[in-house]
Undergrad: 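Below: one structure in structure tokens.
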Amino acid sequence: MASEFVKTPGWLDWHTEPSRPRFVLPSGAVDAHCHVFGPAAEFPFAPERKYSPCDASKDQLFALRDHLGFTRNVIVQATCHGADNSAMVDAVRSAGRRARGVATVTPGTSDDELRRLDEAGVRGVRFNFVRRLVDTLPMDGLRQVAEQIAPLGWHIVIYFEAQELPELADFFLGLPVPLVVDHMGRPDVTRPVDGAEFTGFLDLLRARDDIWCKVTCPERLTVGGPPALTGEQAAYRDVVPFARRVVEEFPDRVLWGTDWPHPNLTDHMPDDGLLVDWIPSIAPTAAEQQALLVDNPMRLYWPEEL
Ligand code: 0GY
């Protein structure tokens, strides 16, 4: 059955032997952005998907969690599964209280279905505006979904590229629930951190005090490329000033995750251990690390455990 899905040409599979990080994560750390793919034989990919990945199962994700030293995961529905949240929900349920989920929800989804997702551990929906990943979304429908999830106390994860922000900002600011921005709004890191593009992004975070930011995906944003495999903390140097700026200004609204299994990378596949070793370069103090990796994600995804 899996052979029905032919991987996208050039697709890089996830790293099977990541190093053990030198940076020891604080106790209770959360990997707040990761995915599962399939396995396709059990959870087929969506017909409307824009890419066909390799399998990346819940058990493989949990093994990585333990290897890196994380305690919990936030599993974000990947676009290759469309709005069929079964693989993600199965993974979240299997992890017990150690995972939460972010779903894809289409307009017209029933309140009963949302309650079922909530009971399974879903705490948010993702609105994706990255054109290579999804078809254009009807804004009215998204607004409807936002209003429908508000009573559940969920939030919306937004994924967009920096050049799209000026057009989307007013829509985002009008949404009635907290927002979580993926990958710092995907800045062009060849531009100055003090330039108009990234200042516009920081202004979005400044506009409301319930907008959170994932300081994630240096491997996706870097232009300089991967580090030499030395394990040094300052890998992905060109992304550091951007993430550092966000952590400094919004220490209580930042999250971090691996983005395992790293969809759609074509240049290099990161060693997840080295990604963890990148964290101290963007959050150098113990207080910043505790907020980024434990306190913030716990407040957003496990408030009942605080
Ligand atoms: C990410 C980034 C990407 C893909 C997806 O759901 C997805 O397919 O999120 C991407 O290709 O940039 O966050 O995993």
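All ligand and atom numbering here is 1-based and tracks the order in the structure. Heavy-atom basis, side chains included; hydrogens, waters and symmetry copies ignored.
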Undergrad: Do you know the tightest heavy-atom contact between Pro261 and Trp14?
TA: CB-CD1, 3.6 Å

Undergrad: Using heavy-atom distances, let me know which of Phe37, Tyr51, Tyr159 sits nearest atom 3 (C) of ligand 1.
TA: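 Answer by nearest heavy atom: Tyr159.
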
Undergrad: For ligand 1 and Asp259, I'd like to know whether there is a polar contact (N/O to N/O, distance under 3.5 Å).
TA: yes

Undergrad: Which atoms from ligand 1 have a heavy atom of Arg132 less than 4.0 Å away?
TA: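 Going through ligand 1 atom by atom, the ones under 4.0 Å from Arg132 are 10 (C), 11 (O), 12 (O).
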
Undergrad: Can you find an N/O atom of His35 closer than 3.5 Å to an N/O atom of ligand 1?
TA: yes

Undergrad: With backbone taken as N, CA, C and O and side chain as the heavy atoms from C-beta onward, which portion of Arg126 lies under 4.0 Å from ligand 1: side chain, backbone, both, or neither?
TA: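 Side chain only.
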
Undergrad: Tell me which part of Arg186 gets within contact of ligand 1: side chain, backbone, both or neither, using heavy atoms under 4.0 Å.
TA: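 Answer for Arg186: side chain.
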
Undergrad: In ligand 1, which numbered atoms sit nearer than 4.0 Å to a non-hydrogen atom of Ala78?
TA: 6 (O)

Undergrad: Just jot down the salt bridge (Lys or Arg N to Asp or Glu O under 4.0 Å) partners of Asp203, sequence neighbours excluded, or say none.
TA: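 In terms of salt bridge (Lys or Arg N to Asp or Glu O under 4.0 Å), with neighbours along the sequence ignored, Asp203 is linked to Arg206.
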
Undergrad: Could you pull out all residues at least two apart from Phe45 that satisfy ring pair (Phe, Tyr, Trp, His ring centres under 6.0 Å)?
TA: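 Testing Phe45 for ring pair (Phe, Tyr, Trp, His ring centres under 6.0 Å), a comparison that skips the adjacent residues, returns Phe5, His81.
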
Undergrad: Below 4.0 Å from ligand 1: does a non-hydrogen atom of Lys50 turn up there or not?
TA: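 False for this residue.
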
Undergrad: Specify side chain, backbone, both or neither for Asn264, according to which of its non-hydrogen atoms lie closer than 4.0 Å to ligand 1.
TA: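 For Asn264, the contact with ligand 1 is made by the side chain alone.
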
Undergrad: If every non-hydrogen atom of Pro241 is compared with every non-hydrogen atom of Val193, which pair is closest and at what distance?
TA: O-CG2, 3.7 Å

Undergrad: Testing the basics here: between Trp154 and Val122, what is the closest heavy-atom pair and its distance to 0.1 Å?
TA: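 Here Trp154 and Val122 meet closest at NE1-O, 3.3 Å.
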
Undergrad: Taking all atoms of both residues into account, what is the closest heavy-atom pair of Val223 and Asp238, and its distance?
TA: N-OD2, 2.7 Å

Undergrad: Should the proximity of Asp182 to ligand 1, defined as any heavy atom under 4.0 Å, be assigned to the side chain, the backbone, both, or neither?
TA: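 Answer for Asp182: neither.
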
Undergrad: Given the side-chain rings of Tyr301 and His155, with only the six-membered ring counted for Trp, is the space between their centroids under 6.0 Å?
TA: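 Ring centroids of Tyr301 and His155 are less than 6.0 Å from each other.
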
Undergrad: Can the ring centroids of Phe172 and Phe160 be said to lie less than 6.0 angstrom from one another?
TA: yes

Undergrad: Applying a strict 4.0 Å limit to heavy atoms, is Leu133 in contact with ligand 1?
TA: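 Judged by the 4.0 Å heavy-atom criterion, Leu133 does count as contacting ligand 1.
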
Undergrad: Heavy-atom contacts with His183 under 4.0 Å: which atoms of ligand 1 show up? List them by number with element.
TA: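 Under 4.0 Å from His183, ligand 1 has these atoms: 1 (C), 13 (O).
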
